[in-house]
Amino acid sequence: MIKRSLRRILPLMAALVLVLPTTGYSEVLEEKPSALAMLGDAVFARPVLLATTVAGAAVYVVSLPFSLAGGNAKEAADTLVTGPAKATFVRCLGCTKVGRKKEVIFTGE
């Protein structure tokens, strides 16, 4: 009974695993934040993210001997410094996704 159920469920699960990653590529994500989102981001989120970046850099410097000994200095830098710095400085005002806002140029018709 269980083997029969597994024979039916496993192909379905395999198909889902193959289909789900492509759903993110199927639609164009374009954020248009509101004025309230931009204001909240500029007044609240960016200062907190800047403080997080500074605190993460301090923790990284203090923990650097241990992360070098453990062989994960790059991962520690990415988590403690690079991630918060990207969220602080490389994100459009009011946007939720990290990265520069890309302009879509349509060519053709």
Side-chain angles (χ1 to χ4, degrees):
M1 180 83 169
I2 294 174
K3 287 184 179 182
R4 187 182 313 165
S5 299
L6 282 176
R7 286 183 188 165
R8 292 181 184 167
I9 292 174
L10 284 177
L12 265 166
M13 290 177 67
L16 276 175
V17 167
L18 294 173
V19 169
L20 286 178
T22 61
T23 59
Y25 296 110
S26 63
E27 48 185 277
V28 176
L29 297 175
E30 185 176 325
E31 292 188 69
K32 293 186 179 180
S34 66
L36 184 62
M38 288 183 179
L39 178 70
D41 192 12
V43 173
F44 299 111
R46 297 295 169 117
V48 169
L49 286 168
L50 181 62
T52 305
T53 303
V54 171
V59 169
Y60 175 71
V61 168
V62 170
S63 67
L64 186 59
F66 305 109
S67 57
L68 284 173
N72 65 338
K74 178 152 176 39
E75 291 88 0
D78 289 343
T79 303
L80 294 173
V81 182
T82 307
K86 280 184 180 178
T88 304
F89 299 110
V90 187
R91 183 170 54 90
C92 71
L93 197 61
C95 291
T96 57
K97 305 268 187 243
V98 174
R100 292 185 176 268
K101 190 171 184 177
K102 296 186 171 109
E103 293 183 27
V104 179
I105 299 172
F106 293 103
T107 58
E109 301 174 24

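- With a 4.5 Å cut-off on side-chain heavy atoms, Leu39 and Phe44 do not count as touching.
- Applying the salt bridge (charged side-chain N to carboxylate O under 4.0 Å, His left out) test to every pair with at least one member in residues 51-64, sequence neighbours left out, gives no pairs at all.
- Sequence neighbours left out, not one pair with a member in residues 56-73 passes salt bridge (charged side-chain N to carboxylate O under 4.0 Å, His left out).
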Ignoring hydrogens and angles, write down the donor-acceptor pairs under 3.5 Å from the side chains of residues 78-87, residues two or more places apart or on other chains.
{"from": "Thr79", "atom 1": "OG1", "to": "Glu75", "atom 2": "O", "distance (Å)": "3.0"}
{"from": "Thr82", "atom 1": "OG1", "to": "Ala77", "atom 2": "O", "distance (Å)": "3.4"}

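- Applying the salt bridge (charged side-chain N to carboxylate O under 4.0 Å, His left out) definition to pairs two or more places apart or across chains, those involving residues 45-63 are Asp41-Arg46.
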Show me the donor-acceptor pairs, under 3.5 Å and distance only, between side chains in residues 54-74 and residues at least two apart or in other chains.
{"from": "Ser63", "atom 1": "OG", "to": "Val59", "atom 2": "O", "distance (Å)": "2.9"}
{"from": "Ser63", "atom 1": "OG", "to": "Tyr60", "atom 2": "O", "distance (Å)": "3.4"}
{"from": "Ser67", "atom 1": "OG", "to": "Ser63", "atom 2": "O", "distance (Å)": "3.3"}
{"from": "Ser67", "atom 1": "OG", "to": "Leu64", "atom 2": "O", "distance (Å)": "3.1"}

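- Closest approach of Lys97 and Arg91 over heavy atoms only: O-CG, 3.3 Å.
- The hydrophobic cluster containing Met38, built from Ile/Leu/Val/Met/Phe/Trp/Tyr side-chain heavy atoms closer than 4.5 Å, also comprises Leu93.
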